[in-house]
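Below: one structure, written as structure tokens.
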Amino acid sequence: MSAQPQPRRVENLHTDKGKVPVYATGIVAQPWDGYSADDHATWATLFRRQREILVGRACDEFLQAQDAMGMTPHAIPKFDELNAALGAATGWTLIGVEGLLPELDFFDHLAHRRFPVTWWIRRPDQIDYIEEPDLFHDLFGHVPLLMNPVFADYMQAYGAGGVKAHGIGPEALQNLTRLYWYTVEFGLIRQHDGLRIYGAGIVSSTGESIHALESAAPNRIGFDAERIMRTRYRIDTFQKTYFVIDSFQQLMDATEPDFTPIYARLASQASIPAGDVLDTDAVVQRGSGDGWANDGDV
Ligand code: PHE
Ligand code: CO
């Protein structure tokens, strides 16, 4: 047997110039026996709290998939056990990582149906907010929809598209990153009984799970891939705009064409501020803008 690297906990560096993300490339075995009672308690608290909020708010596929994979509050799930369910459903595999990956590594994993999951969970003092993705965000937020065949294919196609965009250049990559942000992280979906959440950044946040659906402040706009690729976003406040899909199939269909000519076209167009509504938008709800910061879109 080859020796497993000792997993580290890689977090942002906080310097006098602000936070600096640190990237790690290693794949690590989940050190499950090393989780403390506090770690399991953090998982249990967050799991129970979010499930309570998400019934009737997250899309049915998401909630059903969590149950089907056997995610429960009782203990931090074992990647190996989730992988048995995931492998059978869609052929995806979870791999343990120490923190954020360099972009190309991340895309390459997705393109091969490997989803990187941070092995460590936030500390008790970080329970309500943590800047970088931890095990709770990755496992609770991202992994369930990998059980859905269409969404699973979308994630793989996104990875392949990322490898390509990386080769085209930083602007193409920025366009594609916005699409990930407004779908995989912060997407809403229209279900038979109303708007629901599917984005991992929303379902793993108590505040945003309520804000995204119930607040009058944000815009809710019909999904439009090219429009999204021009749209800036927020990283440390709730989103000013959410984009609404009708189905996961719509995501697949809209992102199927080769983006190369789209990237070329977008290169000469200005980006759209996070909170703007355009005449051409299919507006579901126009936001009041209450509480929005004027600056800070990225
Ligand atoms: N079709 C896109 C391209 O050619 C790739 C892609 C697929 C991007 C799915 C996002 C989501 O680049
Ligand atoms: Co995420």
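From a predicted model like this one, the values you see are computed outputs, not experimental measurements. All ligand and atom numbering here is 1-based and tracks the order in the structure. Heavy-atom basis, side chains included; hydrogens, waters and symmetry copies ignored.
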Problem - Pair Tyr182 + Phe186: ring centers closer than 6.0 Å - result: no

Any atoms of ligand 1 less than 4.0 Å from a non-hydrogen atom of [X]? List them with their elements.
X	result
Glu256	1 (N)
Pro257	1 (N), 2 (C), 3 (C), 4 (O)
Asp258	4 (O)

Considering only protein heavy atoms, which is closest to [atom], and at what distance to one decimal place?
atom	value
atom 4 (O) of ligand 1	Lys164 NZ, 2.5 Å
atom 1 (N) of ligand 1	Thr255 O, 2.6 Å
atom 5 (C) of ligand 1	Gly161 CA, 3.7 Å

Handout entry: Atom name of the N, O or S atom in Glu185 that lies nearest to the Co ion (ligand 2)
Key =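 In Glu185, the heteroatom (N, O or S) nearest the Co ion (ligand 2) is OE2.
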
Problem - the Co ion (ligand 2): angle it makes with NE2 (His137) and NE2 (His142), nearest 10 degrees - result: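 An angle of 90° at the metal.
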
Exercise for the section: Assess Leu176 for proximity to ligand 1: is some non-hydrogen atom of it under 4.0 Å away? Expected result: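 Yes, Leu176 has heavy atoms under 4.0 Å from ligand 1.
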
Problem - Atom CG of Asp258 with >12 non-hydrogen neighbours under 6.0 angstrom - result: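 Yes, because the 6.0 Å sphere around CG of Asp258 holds more than 12 heavy atoms from other groups.
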
Exercise for the section: Hey, could you give me the CZ/CG distance between Arg51 and Leu63, rounded to the nearest 0.5 Å? Expected result: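 Going from the CZ atom of Arg51 to the CG atom of Leu63 covers 5.0 Å.
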
Problem - Side-chain heavy atoms of Val97 within contact of Val28, under 4.5 Å - result: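 When only atoms from C-beta onward are counted, Val28 and Val97 do not touch, as no gap falls below 4.5 Å.
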
Problem - Flag side-chain contact, heavy atom, 4.5 Å: Thr231 against Ser271 - result: no

Practice task
Give the intermediate values and the outcome of salt bridge (Lys or Arg N to Asp or Glu O under 4.0 Å) for residues Arg230 and Asp224.
Solution key: CA-CA 10 Å; Arg230 295 173 55 200; Asp224 173 341; over 6 Å; no

Problem - Within-cut-off N or O pair, Ala157 and ligand 1, under 3.5 Å - result: no

Exercise for the section: Carefully, step by step, assess Phe248 and Tyr154 under the rule ring pair (Phe, Tyr, Trp, His ring centres under 6.0 Å). Expected result: CA-CA 8 Å; Phe248 295 129; Tyr154 175 69; 8.6 Å; no

